[in-house]
Amino acid sequence: MTALLVFLGGGLGALARLGLNEGISKLTGDRFPLGILACNVLGCFLIGLASGYLSRSAPSWFTPLIMIGFLGGFTTFSTFARDTVNLFTERGLALAAANILLSVCVCLFAVLLGLKLSQTSS
């Protein structure tokens, strides 16, 4: 049952990532991978929020379906790495470095913010 929940959540998360990434890319263009950055930041915020709420109690299906499956499928390190290499080779070190710094720093902050908000809303 756990594998099925991860499978279902992962598929839904990947579809959500595709939709958000394509929507943002249509609005902003593809000069900088804002869509993937948004997916990773939002996913980090949500996993921080979910982690905080999980410390209280969660149904047994929540972790495999939402945290491992959906949020694992929604966020993506491999796309971030590819986008960073493409930025470096096509547009230079400055944009590649900006993508690394924004992704790491903002995503870490998003997890902390999610955790903090989940602890203050009880």
Side-chain angles (χ1 to χ4, degrees):
M1 183 61 159
T2 299
L4 181 61
L5 290 170
V6 171
F7 175 76
L8 178 63
L12 293 172
L15 288 173
R17 178 181 71 228
L18 175 68
L20 182 59
N21 182 43
E22 286 184 352
I24 289 175
S25 293
K26 285 180 184 175
L27 291 174
T28 63
D30 61 356
R31 182 161 169 77
F32 191 84
L34 286 175
I36 292 301
L37 177 61
C39 291
N40 287 336
V41 171
L42 179 58
C44 286
F45 171 73
L46 292 173
I47 206 162
L49 200 61
S51 295
Y53 284 119
L54 278 179
S55 65
R56 294 181 204 130
S57 69
S60 61
W61 55 263
F62 187 83
T63 296
L65 179 68
I66 303 300
M67 293 187 65
I68 297 169
F70 184 84
L71 293 174
F74 185 68
T75 60
T76 175
F77 190 79
S78 57
T79 303
F80 156 74
R82 185 207 60 214
D83 287 344
T84 303
V85 169
N86 287 345
L87 283 172
F88 178 74
T89 59
E90 296 170 12
R91 296 200 168 83
L93 179 60
L95 280 178
N99 192 42
I100 293 167
L101 288 172
L102 282 170
S103 293
V104 172
C105 295
V106 176
C107 287
L108 287 173
F109 177 77
V111 170
L112 291 171
L113 179 62
L115 281 167
K116 183 69 173 165
L117 289 175
S118 72
Q119 294 165 355
T120 59
S121 64
S122 57

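Residues: numbered from 1 along the sequence shown.
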Working to the nearest 0.5 angstrom, can you tell me the gap between [X] [atom1] and [Y] [atom2]?
{"X": "L34", "Y": "L102", "atom1": "CG", "atom2": "CG", "value": "8.5 Å"}
{"X": "L95", "Y": "N86", "atom1": "CG", "atom2": "CG", "value": "12.0 Å"}
{"X": "S25", "Y": "R31", "atom1": "OG", "atom2": "CZ", "value": "14.5 Å"}

Problem set entry | Closest contact, heavy atoms only, G48 versus L115 |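 Taking G48 first and L115 second, the nearest heavy atoms are O-CD2, 3.2 Å.
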
Exercise. Do the non-hydrogen side-chain atoms of L46 and M67 ever get within less than 4.5 Å of each other?
Worked result: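 SC-SC contact between L46 and M67 ruled out.
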
Out of curiosity, does [Y] fall in the hydrophobic cluster containing [X] (side-chain heavy atoms, cut-off under 4.5 Å, transitive links)?
{"X": "F77", "Y": "L87", "value": "no"}
{"X": "V104", "Y": "L101", "value": "no"}
{"X": "I68", "Y": "L71", "value": "no"}

Restricting to side-chain contact (heavy atoms from CB on, under 4.5 Å), what partner residues turn up for [X], sequence neighbours left out?
{"X": "F109", "value": "L113"}
{"X": "A97", "value": "none"}
{"X": "V41", "value": "L37, V106, C107, A110"}

For residues 3-23, run the donor-acceptor check on the side chains, cut-off 3.5 Å, and write out each pair with its distance to 0.1 Å, sequence neighbours left out.
from	atom 1	to	atom 2	distance (Å)
R17	NH1	G73	O	2.4
N21	OD1	I36	N	3.3

For residues 78-85, dump all side-chain donor-acceptor pairs below 3.5 Å to protein atoms at least two apart in sequence or in another chain.
from	atom 1	to	atom 2	distance (Å)
S78	OG	T76	OG1	3.2
T79	OG1	T76	OG1	3.2
T84	OG1	F80	O	2.8
T84	OG1	N99	ND2	2.8

For this session: Using modelled atom types only, decide if a donor and an acceptor are shared between the side chain of S103 and the backbone of I100 within a distance under 3.5 Å.
Result: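 Answer holds: no.
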
Exercise. When clusters are formed from ILVMFWY side-chain contacts under 4.5 Å, directly or step by step, what else is grouped with F88?
Worked result: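 L93, listed by chain and number.
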
Exercise. For the side chain to side chain contact (heavy atoms under 4.5 Å, CB included) test, which of L42, I66, I47 pairs with F74?
Worked result: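 Testing F74 for a side chain to side chain contact (heavy atoms under 4.5 Å, CB included) against L42, I66, I47 leaves exactly one candidate, L42.
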
Exercise. Got a sec: does the CZ of R91 have more than 12 other heavy atoms crowding it under 6.0 Å?
Worked result: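 Yes, because the 6.0 Å sphere around CZ of R91 holds more than 12 heavy atoms from other groups.
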
